[in-house]
Every structure is written in structure tokens, then in C-alpha cells.
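Notes follow the structure.
These numbers come from the heavy atoms of this one structure, side chains and all, not from hydrogens, waters or symmetry mates.
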Amino acid sequence: MEEYAERLEKAAPSTIKWIQAKRILTRNRSTDWFGTDHTMNLYRGCPHGCIYCDSRSECYQDDCFDQVKGKENALELLRNELRRKIRPAFISMGSMSDPYNPYEKELELTKKALMLIYSYECGVAVCTKSDLILRDRMLYGDIQKQAPVICKLTVTTMDESLAGKLEPGAPTPKARMKAVEGLSAEGIFTGILLMPVLPFLEDDPKQVMAVVDAAAEAGAKFVYAFFGVTCRDRQRAYLYQALEQKFPGVRTQYEKRFGNQYQCLSPKAKELWGMLRERCEEKGLLCEMKHIVAAAKRPYLATQLTIFDM
């Protein structure tokens, strides 16, 4: 944590900005992403400084993405919106901002939102790069007694040096795997998001298998991967500039192979998918979305619906 704090001082602003939100729950167009039917972001922006983050794109209208903005009325909105629902929801957290950014330790917006989710018997699928999630492991355990829970820790490489360049403000991969271990020890349905896997930097088979093996050792239930990265407008420009500064020659490889493509797949993607499936089967890990969602929801299918009407 000391190393994380040192990195954070360079990556994060010293104070948080507060903003007002019009609503806090957004209904998903489909339930394809981990079976969730609604999305919630309690914060805007993130201090992790990941060079590949899609949330820098113009479509999200956040010109100061490195500045964390807390939604001052988020909990009031969430309570009111959940109160109007007839059936329990399955809510996704962490799609545009990390719900466990460093300010969360003191502000506890995520913790208090989880209390509301529990009170209204909803499920939650959370995505984070922070081991601060361990603070709320008892809450996730309580929620899981009555509704689905999926805890996803993003780990793109186990190489600490490489991770420090790609994700300079985030906790180390080792710290994230420790969080997986702690959540799994409590019986919470937990796994790894192995994405994005940056072409020419993280798509070496040994690197990928190192993440899978570490996940299995930590007690994870799944590893869900994407062997590539998405790029558009402002986010592509940010990525390319970072590649030029930190990895000489890699930007040229991207420009030659991908140009302005949105989906930039690793040249090794097919090979890596085959290796991933084989290693996950060997280690007893799930790796396909339909199987992950089915396993998380299975205990509740007979007693609870997971979609509610707006």
C-alpha cells in the first residue's frame, strides 16, 4: 500500500470535486455484460491513469477524466429509484469509473450504496482495480445470501514493472490478487477481468498464463479475457502519446496495423483464446460469459427474478 500511495500522489489530484446527478441507475439495453440489467456510477473520473482507458473517449463528455468527481446526491437518488422498483435489479458498478478510487476510503459512497442494494434485495456486479474492495467483503457476503454477486478485479499483467507503466496510479497486480484471495476466502463469487490485453506489450502467452495461474491460486471462479484494446477519438490519441513516451517503437506498430480501427485485436488473439480455454479447464476456472453468469445466478433462479420494470 505504501508503493500505491506514492504512485497515487503523482497520479491523483489532492481534492475531490462534487457534482449533481439527474439519475443514478441506467437501464442496460441488454443483459449481455455479466447478466446485469442496470448500471450505476457513483463517481466520474479516475486517478489510476491507465493509458488504455476507454472512458477518456469524447462520447463520455468528461474533459477532466483524471479528476475524480463525486455525485453528491447519488445515495438519495439511488434510494428513491430503488424504492420505486417492484422487482430486484442486478446492478453493474465500475463501468466508467472505479467505485473504489482512493477517495472512497473516506467518503464511503460505494459502501453506503451497497447497503441500499442489500436493503432492497438487489444483486451487484462490481469491477475494480483496487484492493479497497476487501473493506466491504462482509457486505458482499450479505448481499450474496439473497441475490447474485460478481466481484471482478481487473488484472492485465502480473509484471509489476509493466503494470506500473500502463496503470501508474492503480494498486499493483499482486495487491489485486490478494483482494481476490480475500473475497474468495469469504465465499464471494469472484474472478479476474483480463482486459485489455495490449498488443505487442501484454499478449505474450507466458504473460497471459501467469495471470490465469495467479487467479487460480487466489481462488478465483473465472477469468474473462479480451485479447486486444478498443480505440476511438480522444482515447486513441492519449494511448498513442503514452505508447510513444513509454514504449519506443510500439506506437508505430499500432499505427501500421490498426490505423483508426476501433477494435485492435492482438495478432495472437486466436492462439491465446485456445490457450486460455485449455488452462482454465485445467485449473477449474470459467472463461465464457454465459457460464460465468449462469454460475453466479444459479442459486437464485427458483426464487428471484433479476430484471425489474422501469
Side-chain angles (χ1 to χ4, degrees), residues 1-2 4-5 7-9 11-26 36 38-48 55 62 64-83 85 88-154 169-171 175-176 178-180 182-183 185-186 188-190:
M1 290 298 290
E2 290 181 3
Y4 174 36
R7 283 203 256 162
L8 185 59
E9 285 184 6
S14 58
T15 58
I16 192 171
K17 179 180 179 181
W18 290 103
I19 60 175
Q20 291 289 312
K22 294 181 179 180
R23 61 184 305 171
I24 203 67
L25 288 176
T26 301
T36 56
H38 284 74
T39 295
M40 174 176 70
N41 284 287
L42 303 166
Y43 298 92
R44 282 177 63 85
C46 181
H48 288 164
S55 293
D62 191 347
C64 300
F65 181 70
D66 293 309
Q67 164 78 67
V68 179
K69 283 77 69 177
K71 297 181 180 180
E72 194 168 19
N73 56 338
L75 298 175
E76 179 184 359
L77 287 174
L78 179 61
R79 182 183 295 108
N80 291 339
E81 290 174 25
L82 290 176
R83 188 178 290 157
K85 310 310 174 188
F90 191 16
I91 301 168
S92 175
M93 297 174 61
S95 62
M96 285 179 57
S97 61
D98 198 312
Y100 289 99
N101 67 70
Y103 300 105
E104 169 60 24
K105 185 174 182 180
E106 179 181 351
L107 299 176
E108 296 188 343
L109 289 183
T110 297
K111 182 177 182 178
K112 292 169 184 175
L114 290 172
M115 292 177 181
L116 287 170
I117 287 171
Y118 171 71
S119 296
Y120 286 91
E121 300 183 348
C122 296
V124 63
V126 60
C127 176
T128 183
K129 282 192 177 85
S130 177
D131 52 345
L132 180 58
I133 191 175
L134 279 173
R135 180 199 65 187
D136 297 336
R137 57 188 179 276
M138 301 307 293
L139 262 171
Y140 287 111
D142 288 341
I143 294 170
Q144 191 173 254
K145 291 174 184 176
Q146 58 191 21
V149 168
I150 304 177
C151 289
K152 301 166 283 179
L153 277 291
T154 298
R176 290 176 238 171
K178 278 289 185 182
V180 172
L183 293 165
E186 295 291 337
I188 299 164
F189 192 85
T190 306

* **Minimal non-hydrogen separation, M40 against L25, with atom names** => CB-CD2, 4.0 Å
* With a 4.5 Å heavy-atom cut-off, do K145 and D142 have their side chains touching? -> yes
* Asked: What pair of heavy atoms forms the shortest contact from I143 to L114, and how long is it?
  -> CD1-O, 3.7 Å
* To do: Given side-chain contact (heavy atoms from CB on, under 4.5 Å), test K178 with D131 step by step and report yes or no.
  => CA-CA 7 Å; K178 278 289 185 182; D131 52 345; over 6 Å; no
* Quick one: pull up NZ in K71 and CD in E76 and give me the separation to the nearest 0.5 Å. => 14.5 Å
* Structure fact -> So CE of M96 and SG of C127: to nearest 0.5 Å the spacing works out to 13.5 Å
* To do: Determine yes or no for a side-chain-to-main-chain donor-acceptor pair under 3.5 angstrom, with T110 supplying the side chain and P99 the backbone.
  => yes
* With rounding to the nearest 0.5 Å, note down the distance linking OH in Y140 to CD1 in I150. => 12.0 Å
* Over all atoms of both residues, closest heavy-atom pair of R44 and I19 -> CD-CD1, 3.6 Å
* Could you check Y100 against V126 for side-chain contact (heavy atoms from CB on, under 4.5 Å), going step by step and ending with a plain yes or no? => CA-CA 10 Å; Y100 289 99; V126 60; 4.2 Å; yes
* **Closest non-hydrogen atom pair, A21 against L77** => O-CD1, 3.3 Å
* NZ of K69: more than 12 outside heavy atoms within 6.0 angstrom? -> yes
* If you measure from SG on C122 to CD on Q146, what distance do you get to the nearest 0.5 Å? -> 9.0 Å
* Carefully, step by step, assess R135 and E108 under the rule side-chain contact (heavy atoms from CB on, under 4.5 Å). => CA-CA 10 Å; R135 180 199 65 187; E108 296 188 343; 3.7 Å; yes
* Should the heavy atoms of other residues, nucleotides or ligands under 6.0 Å from CD of E72 be counted, would the total exceed 12? -> yes
* Asked: Got a sec: does the CD of Q20 have more than 12 other heavy atoms crowding it under 6.0 Å?
  -> yes
* **Between CZ on residue R176 and CD1 on residue I133, distance to nearest 0.5 Å** => 12.5 Å
* **Side-chain H-bond candidate by donor/acceptor type, E104 with Y43, under 3.5 Å** => yes
* Inter-residue atom distance K105.NZ - S130.OG, 0.5 Å rounding -> 10.0 Å
* Just wondering, do T128 and T154 contact through their side chains at under 4.5 Å, heavy atoms? -> no
* To do: Show your reasoning for whether side-chain contact (heavy atoms from CB on, under 4.5 Å) applies to S95 and N41.
  => CA-CA 7 Å; S95 62; N41 284 287; 3.0 Å; yes
* **Least distance between heavy atoms, P47 atom then V68 atom** => CD-CG2, 3.5 Å
* Structure fact -> side-chain contact (heavy atoms from CB on, under 4.5 Å) with K112: of L78, L75, L139, only one passes, and it is L75
* **Under 3.5 Å: donor-acceptor pair, side chain of D98, backbone of K129** => yes
* Specify the closest pair of heavy atoms between A74 and L42, including all atoms of both residues, with the distance to one decimal. => CB-CD2, 3.9 Å
